[in-house]
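Basis for what follows: all heavy atoms, side chains included, without hydrogens, waters or symmetry-related copies.
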There are 4 protein chains.
Amino acid sequence: MPLQLAPGQRRKPKQLRSRLMVETILEAARQIFAEHGFEAATTNQIAERAGISIGSLYQYFPNKDSLILEIQRMHHDELLALIRSAMDKSGKLPLREAVRSIIGANLDMHLSEARLHGAFEEWIPAQTQLVDRERFQQEMVGLINGFLDSRPELPKGQAAKSAVFVIMNLVKSVMHAAVSDAKAAENREQILDHVVDGILACLQPLPENATPPRPHH
Amino acid sequence: MPLQLAPGQRRKPKQLRSRLMVETILEAARQIFAEHGFEAATTNQIAERAGISIGSLYQYFPNKDSLILEIQRMHHDELLALIRSAMDKSGKLPLREAVRSIIGANLDMHLSEARLHGAFEEWIPAQTQLVDRERFQQEMVGLINGFLDSRPELPKGQAAKSAVFVIMNLVKSVMHAAVSDAKAAENREQILDHVVDGILACLQPLPENATPPRPHH
Amino acid sequence: MPLQLAPGQRRKPKQLRSRLMVETILEAARQIFAEHGFEAATTNQIAERAGISIGSLYQYFPNKDSLILEIQRMHHDELLALIRSAMDKSGKLPLREAVRSIIGANLDMHLSEARLHGAFEEWIPAQTQLVDRERFQQEMVGLINGFLDSRPELPKGQAAKSAVFVIMNLVKSVMHAAVSDAKAAENREQILDHVVDGILACLQPLPENATPPRPHH
Amino acid sequence: MPLQLAPGQRRKPKQLRSRLMVETILEAARQIFAEHGFEAATTNQIAERAGISIGSLYQYFPNKDSLILEIQRMHHDELLALIRSAMDKSGKLPLREAVRSIIGANLDMHLSEARLHGAFEEWIPAQTQLVDRERFQQEMVGLINGFLDSRPELPKGQAAKSAVFVIMNLVKSVMHAAVSDAKAAENREQILDHVVDGILACLQPLPENATPPRPHH
DNA sequence: CATGAATGAGGATTCATTCAT
DNA sequence: GATGAATGAATCCTCATTCAT
């Protein structure tokens, strides 16, 4: 117990401890949710894994929902960061290689987090507006558009809207499938090939004669 | 009291009641699971919704798992039937229209079943081999291949493998997204356009010069 | 449907059917109780084993308790009959052989009914006066006294009271132990020897000097 | 707040509370099992009787079985201690008095515990090896042999084997009978006389001429 | 009388959350 | 702030018993 503290400094250690605690808890929660799913995970398990008492857990998170909400937020951020960095690194590669490395990074992350995504799906928040799927989606679209912009041979803006939409969903789905399918881990390369093929196809301008301008309401 | 009964017909009424009961229960379960997800749904809720006692429910289904298993099976069957029928009906339409109507039917079904799929995802069966994801997937692949075969302009067999993989996942993901996204219902036409574009792109043979033969292990 | 019946005869077939039904049910109940114990046995199991509907069972027995009560009664009767017959048969044998054969018969019966007795113990009747332990005990005492009477060398009446009490309990306990102890079945001969020794010892007049006339309260 | 604490003593209060709670629960369970038998007793009843919540009960005992297992263990220990102490106290008394006081203590304990033994009988543990009937029996045999050793006039070792067997079962049965028979409490003295007579008889060497050496396989 | 579908009270057990220390 | 014992509502499921057919 220090005798004397510089003014304004007193709360620093507390905040540090606080932040550390929060991170420890979240890491424990991430593991437990990943191992058991949302409903099957118990807050006591999480506290135990974090090496703290259940009471302390509730000091930092008001309830079970808040835990998974925060984890999801973090996961989204990590995913965006990962892709951003993969895009940066792939700057000079030929298109197929670039796409392949970006998607590959994405896939690896999902394979390693496996069941955590199951927990995200399982959790149906009472207050829908609390989740940040929206924000995540927006940012992801921005990222993809940025990539398209950086490659002269690819379509941009309005012309690429469909492609972006399809790519996002294709990737999402494959990630999903990879996660729920035990065998996916072994097929990594093949899956990657398929996805990359699909993405490149989407980015190819459709031959004019094949698809007449679609008129619809 | 009928004077004469065809043999084996005597037990019909019982069987009818039985079948009716089973269907009532399944419909109730489908609703409750769709509303609350798997774990959050309670068997008592389901019985109440079905208008029967909890005891009766357990007369027909040995446990909670068996309910969702059966619902999933039914859902898969309905989906396959729906697509088969949409494919049949679309026989003479130009490719884009055909694909659009098939996917459209699929999408509509998912939009109406909304959160039920969340429940499917959530449920992790104790005995994995009991679920029929495998069967479903196989049949779906067969269906898609059949469609490709029926259209001379489309690739077939080995050449289409990637396309089929991507299409399946693309569709699955969009359905998934549609299901979890409230606004999807309003964007039906746009979403459809995007998906159809994506599918058609995948079915286009990749220009040779764009993608050199990928060598990997 | 017979047109004409002799008066008073109408109910005979019914009574016969009735009696048969009752016996079938009791036999089934005996088996089920023996296999699972009282609480763990279910009336539906019993009905099924009896090859009748649960409704029919309740036509003949008002509740689960009444089943075990009746079985216990029957068991007591059979036990008494068995011992009576063993005593009759052993008429001319030397004392030790006689006792041995009587006790042996008793033991065999218990070994074969094994867990049924567990069910008797387990069942705590709501209305104590309903059970017939009292009657059973009285009759058994009578039987033993009869045996003592038939053997000039043995004590009788008041002098044998202690012996009878001890014998009854000794036998009962050994039966009990035999029933709950899996190994008992293999030790049949040894157990028999011990019990017979004990009984003969009790029937020996105590040496006067060893036990002074007990004065108490 | 004590200025100085012996090391390791800090946690005492917690452990005390814990021990107290466990004892409170066990006492409640003992009562409820004694009143209703094993199956009919409910864990909620026990918690209520103990004046705690059902949740607390399960904090200390993982399931219903563990409750009766522990109670049985305690009961066996108490019984052995009681008899040991009764044997010690009876050191200088004449044989009959000594036996009488030992058995008397035993009987009193059983009379007071009444139906609890029914619950023991009723409970058929899933994992047989968990119960300690075996240990109890061994220790009891040891105790009795010790008593025989301490009295020069009594048989020992192999010669007493039958006697010990018979005595144990006799006592057990009488205790059992006493427990299930409401009137037993009133007949205490008579029952005691009978049992003591029986035991002494068993300890009398059988007259040689009465029982020829039994030959059996 | 026979049937067996339907009932629903009741039981063991779990787990998010609180609060006295 | 930290702790973890205590809480008790809520869950899945069973089974004795009834009653319409």
* Looking across every strand, which nucleic acid part, if any, lies under 4.0 Å from D:Tyr60 by heavy atom: base, sugar-phosphate, or nothing? -> sugar-phosphate
The salt bridge (charged side-chain N to carboxylate O under 4.0 Å, His left out) partners of A:Arg30 (sequence neighbours excluded) come to A:Glu27, A:Glu78, A:Glu113
With both pairing distances under 3.5 angstrom for Watson-Crick or G-U wobble, and | for a partner in another strand, the correct string for DNA chain E is .||||||||||||||||||||
Q.
Measuring only between side-chain heavy atoms, which start at C-beta, is C:Ile68 closer than 4.5 Å to C:Lys64?
A. no
Here the gap from A:Gln31 atom CD to A:Ile71 atom CD1, rounded to the nearest 0.5 Å, amounts to 10.0 Å
With a 4.0 Å cut-off on heavy atoms, is A:Ala40 in touch with a base, just the backbone sugar-phosphate, or nothing at all?
nothing
Per the under-4.0 Å heavy-atom filter, residues of residues 51-59 of chain C near DNA chain F come out as C:Ile54, C:Tyr58
Out of E:dA12, F:dT17, F:dC12, minimum distance to the side chain of C:Lys64 belongs to F:dT17
* Should we say atom CD of A:Gln45 is surrounded by more than 12 heavy atoms from elsewhere, each under 6.0 Å from it? -> yes
Indicate every side-chain donor-acceptor pair of residues 51-60 of chain B with a distance under 3.5 Å to a residue at least two apart or in another chain.
{"residue": "B:Ser53", "atom": "OG", "partner": "B:Gly55", "partner atom": "N", "Å": "3.4"}
{"residue": "B:Ser53", "atom": "OG", "partner": "B:Ser56", "partner atom": "N", "Å": "3.2"}
{"residue": "B:Ser53", "atom": "OG", "partner": "B:Ser56", "partner atom": "OG", "Å": "3.3"}

Whole-Å distance, C:Asn44 CG to E:dA2 C1', equals 15 Å
To the nearest angstrom, the CD1-P distance between B:Ile46 and F:dC13 comes to 11 Å
Do the non-hydrogen side-chain atoms of A:Ile46 and A:Thr42 ever get within less than 4.5 Å of each other?
-> no
Here the distance between atom C1' of E:dC15 and atom CZ of A:Phe38, to the nearest Å, is 12 Å
Taken in chain and number order and not counting sequence neighbours, the residues that satisfy salt bridge (charged side-chain N to carboxylate O under 4.0 Å, His left out) with D:Glu35 are D:Arg49
Expected list for residues 21-32 of chain A near DNA chain F, using heavy atoms below 4.0 Å, is A:Met21
Taking E:dA16, F:dA16, F:dC13 as options, the one with an atom nearest any side-chain atom of A:Thr43 is E:dA16
From CD of D:Glu39 across to C1' of E:dA12 the rounded distance in Å is 11 Å
note: C:Glu48, atom CD; E:dT3, atom P; distance rounded to Å ~ 13 Å
Is any side-chain heavy atom of C:Phe61 closer than 4.5 Å to one of C:Thr43?
no
Heavy atoms of A:His36 and A:Ala41 approach each other most closely as CB-N, 4.0 Å
Separation of F:dC15 atom P from C:Gln45 atom CD, nearest Å, is 8 Å
inquiry  = Need one value for B:Ala47: base, sugar-phosphate or nothing, where a base atom within 4.0 Å counts as base even if backbone is also close, heavy atoms only.
reply    = nothing
message = With a 4.5 Å cut-off on side-chain heavy atoms, are D:Leu67 and D:Ile25 touching?
response = yes
A:His36 NE2 to E:dA16 P, in whole Å, measures 12 Å
Can you tell me how the ring of A:Trp123 sits relative to the ring of A:Phe38, calling it parallel under 30°, perpendicular over 60° and tilted otherwise? tilted
Q. Are more than 12 heavy atoms from other residues, nucleotides or ligands located less than 6.0 Å from atom CD of C:Glu70?
A. yes
To the nearest angstrom, the CD1-P distance between B:Ile68 and F:dC12 comes to 12 Å
